[in-house]
Amino acid sequence: MNINIKFPDNSVHQFPRNTTPLQIAENISSGLARDVITASVNGKLVDVNYPIQEDARIELFKFDSLPGKEIYWHSTAHLMAQAVKDLFPEVQVTIGPAIENGFYYDFDKDVPFTDEDLEKIETRMKELARENLEYKRREVSREEAIEIFRKMKENYKIEILEEIPPGEKISIYSQGNFTDLCRGPHIIHTGKIKAIKLLKISGAYWRGDARNKMLQRIYGISFPTSKELNQYLVDLEEAKKRDHRKIGKDLDLYSISDDIGAGLVLWHPNGAMIRNVVERYWIDKHLEADYKIVYTPHIGKSELWDTSGHLGFYRESMYSPMLVDEQEYYVKPMNCPFHIAIYQSQKRSYKELPLKYAEMGTVYRYEHSGALHGLMRVRGFTVDDAHIICTPEQLYDEVEKTLVFSLDMLRDFGFRDFKIYLATMPEKAVGERQNWDQATESLREALHKNKIAYEMDEGGGAFYGPKIDIKVKDSLNRLWQCSTIQFDFNLPQRFNMEYIAPDNQPHRPFMVHRALLGSVERFFGTLIEYHSGNFPLWLCPIQVQILPISENYEDYARSVYAEIRQHGIRAEIDLKSEKIGYKIREAEVRKIPYMFIVGQKEKEEGTVSVRRHTAGDLGSFLLQDIVKRLKEEILTKK
RNA sequence: GCCGACAUGGCUCAACGGUAGAGCACUCGACUUGUAAUCGAGCGGUUGUGGGUUCGAUUCCUACUGUCGGCACCA
């Protein structure tokens, strides 16, 4: 009996019943048979020795595919668990999935793993890999499975099994003497795993819940060849060089001082210059988009935060109150109540709406010490905040406008890759479920209408409303929230906000709370990493370094400096008594985009010799020509 | 906050139970320089902070603070 197998190119071939994906691969080429990791049969991933019973669509995956990598790394996680159980029989295994880059496995072990343990485990894994142990699948009933893991004293597995409905078929996989509860599929045998590196150990809560026991997590990665592993490790080293904390120090952009306090940022002149350019641009863009710029205080009375709900829902992120004339005041963790107070300062008409108040508002939030991270997670930061107060009819439009505005602005800073999320109602939230659903729908519609791809972030909303988040990746692939557009049906009600509608009656406005850069600190951090410190010209604190060949050309250098300063170009002269090579090197290390080298020839001709950072010598230019070129580059933000 | 690692001049790093050393930076001097480091001299640290062990601690123990990698939490 034959069955019809349909390939991704829609060609159909006949194979005997019970043919496996591996046999199909062998039929195509021995190379493919060697490299195939997993296959999908009618869209479902299976082991390569899975006997195909009936006509099916099939796709074979090698390591170069997403499913291939996932299965490969997942199988490596099992191999690691096997090695760990070999070396530390008392350890209980829990779960061990593949992740974006590699895999991890969480173990319950009383004494944490050491770096030496990691080496031993890695060595044992390599030994087990060489044994070509087959990953054997077995299907059992839930009850049988519980019995198996009870004998093995694997309590976490039993806990998982007990949550599966009785009667369900359970698959377990064994390689060598190691058995694990697993949905699969897996690679054919451990010998496929050629290059292994265990990367780090850390604590992780069982089931990701801080109320549970902390387990020991080991992260690792593996590849079919050691060449790929080495490349990965080289890339990782390269990525670390882009770290904003390193570049921030090297380029003297900012610092965080222990003497002042953790998570509190000092913006040095170079960083502050960039921030200033960003803020000026930001204000211009907001004025163009009909926002009103406002400024508000840093502290407010406790009643204010009571009314807003912050003391009820956000207290753990707020600092202790201070006493002013026997009144409690809190340092602000958000700007919203102040913007609302501005709105409330007058009776509002529907004719004024939408009203959009924008502010670079500096807020302070208590962040757990372990969460602090360079500029990305700090305790005092400036939100590029705005609150859009509008009629219910205007809501969709405003959300949509904000979304487009946000993406527009991020692109001006050179960002191209972002991930967008729609975050829904969290556990701790104010307001009715029904309102939440309705608001979430309106955000979803804005995304759909603009054909923006997004993912769901269930339970990730603010306590006062659902939101759209735009996140960007740092050099090590960690995601950081940048823009956020949050619907807020809570505050208008709490503050009893009103506007007079055409019916001459008070109505409740809607409110959208949004930040586009997120926080200036975090935004700056991602900006540094995105550009590796090679900022686009318009943002560079020093755009041109003027390098006289010797002290004899100081006068000419000064005249060049005066000239380009007149055109608003930020420049500096290097008057050190050093050779030109030294000065060039220094400018290159400081990542200054343009170097103007001036000597006898330039002085006579009224030119400058131009060198571009990383690109090298561009040749000689008349001063006016190069100024024009630079101004163009600044204007286009390239 | 939790798990683990770490903390030495401004920076990057070395040393070690017997009170610390290099390079860069900085200062001074010489050189007057043509596209990624000229030479020489000098300055600079009570080894994160407190306690303990010891004849002696920067080294060992401990608490705290901070940093790093995760987890949890979040702009």
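Lettering follows sequence order; numbering is per chain, from 1.
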Within the modelled atom types, does a donor on one side and an acceptor on the other bring the side chain of A:Glu602 and the base of B:G34 under 3.5 Å apart? yes
Please classify the nucleic acid contact of A:Gln216 as base, sugar-phosphate, or nothing, using heavy-atom distances under 4.0 Å. sugar-phosphate
Which part of the nucleic acid, if any, lies within reach of A:Tyr314 when heavy atoms closer than 4.0 Å are counted: base, sugar-phosphate only, or nothing? nothing
Centroid-centroid under 6.0 Å between A:Tyr464 and A:His513 rings: yes
Is NZ or CZ of A:Lys471 both nearer than 6.0 Å to the six-membered ring centre of A:Phe418 and within 45° of the ring axis? no
Any A:His373 side-chain N or O less than 4.0 Å from OP1/OP2 of B:G69: yes
Within the structure, does a side-chain N or O atom of A:Tyr219 lie under 4.0 Å from either OP1 or OP2 of B:C71? yes
Any donor-acceptor pair, under 3.5 Å, between the side chain of A:Arg217 and the base of B:C71, if you only look at N and O atoms? no
Can you tell me the pairing partner of B:G56 across any strand shown, Watson-Crick or G-U wobble, with both distances under 3.5 angstrom? none
Nearest-nucleotide comparison on RNA chain B, the residue closer to the 5′ end among A:Gly370 and A:Met376: A:Gly370
State whether A:Arg478 places a side-chain N or O below 4.0 Å from either non-bridging phosphate oxygen (OP1 or OP2) of B:G69. yes
So, does the side chain of A:Ser577 form a donor-acceptor pair with the base of B:U33 at under 3.5 Å? yes
Side-chain N,O (A:Tyr421) to OP1/OP2 (B:A75) below 4.0 Å: no
Could you tell me the Watson-Crick or G-U partner of B:A22, where both distances fall under 3.5 Å? Say none if there is no partner. B:U12
Decide yes or no, distance alone: a donor-acceptor N/O pair under 3.5 angstrom between the base of B:C73 and the side-chain of A:Arg365. no
Between B:C16 and B:U59, how far apart are the two P atoms, rounded to whole Å? 14 Å
Touch check for A:Ile580, heavy atoms < 4.0 angstrom, all strands: base, sugar-phosphate only, or nothing? sugar-phosphate
Can you find a side chain N or O atom of A:Lys249 that sits less than 4.0 Å from OP1 or OP2 on B:G10? no
Whom does B:U47 pair with, Watson-Crick or G-U wobble, provided both distances fall under 3.5 Å? none
For a quick test of reading the model: is some side-chain N or O of A:Arg245 closer than 4.0 Å to OP1 or OP2 of B:G69? yes
P atom, B:C28 versus B:U33: distance in rounded Å? 22 Å
Check the phosphate of B:G1 against A:Tyr366, side-chain N and O only, distance under 4.0 Å to OP1 or OP2. Yes or no? yes
What contact category does A:Ala515 fall into here, base, sugar-phosphate, or nothing, at under 4.0 angstrom with non-hydrogen atoms? nothing
Just call it for A:Ser369: base, sugar-phosphate, or nothing, with non-hydrogen atoms closer than 4.0 Å on any strand. base
With heavy atoms under 4.0 Å as the rule, sort A:Gly581 into base, sugar-phosphate or nothing. sugar-phosphate
Under 4.0 Å from OP1 or OP2 of B:A75: is there any side-chain N or O of A:Lys467 that close? yes
Rounded to whole angstrom units, what separation is found between the CG atom of A:Asp385 and the P atom of B:A75? 12 Å
Taking only the C1' atom of each, what is the distance from B:G34 to B:A41 in whole angstrom? 29 Å
Donor-acceptor pair between A:Thr362 and A:His298 side chains, under 3.5 angstrom: no
Give A:Asp617 one of three labels, base, sugar-phosphate or nothing, depending on what nucleic acid heavy atoms sit under 4.0 Å from its own. base
Have a look at A:Gln481 and say if it touches a base, only the backbone sugar-phosphate, or nothing, with a 4.0 Å heavy-atom cut-off. sugar-phosphate
Between the side-chain atoms of A:Arg207 and the base atoms of B:A72, is any donor-acceptor pair under 3.5 Å? no
P-based separation of B:G51 from B:U47 [nearest Å]: 13 Å
Are the aromatic ring centres of A:His78 and A:Trp73 under 6.0 angstrom apart? no
Describe the nucleic acid contact of A:Val363 in one word from base, sugar-phosphate, nothing, applying a heavy-atom distance below 4.0 Å. nothing
Checking N1-N3 plus N6-O4 or O6-N4 for Watson-Crick, or N1-O2 and O6-N3 for wobble, each under 3.5 Å, the partner of B:G69 is B:C3
With heavy atoms under 4.0 Å as the rule, sort A:Glu316 into base, sugar-phosphate or nothing. nothing
For A:Gly208, which contact category applies under a 4.0 Å heavy-atom criterion: base, sugar-phosphate, or nothing? sugar-phosphate
Under-3.5 Å donor-acceptor pair between A:Tyr205 side chain and B:G1 base: yes
Side-chain donor or acceptor of A:Glu367 under 3.5 Å from a matching atom on the base of B:A75? yes
Classify A:Glu521 by what it touches in the nucleic acid, base, sugar-phosphate, or nothing, heavy-atom distance under 4.0 Å. nothing
Euclidean distance for P, B:C2 against B:U19 (whole angstrom): 39 Å
According to the Watson-Crick and G-U wobble definitions, with both distances under 3.5 Å, which nucleotide is paired to B:G40? B:C28
Is NZ or CZ of A:Arg612 both nearer than 6.0 Å to the six-membered ring centre of A:Tyr594 and within 45° of the ring axis? yes
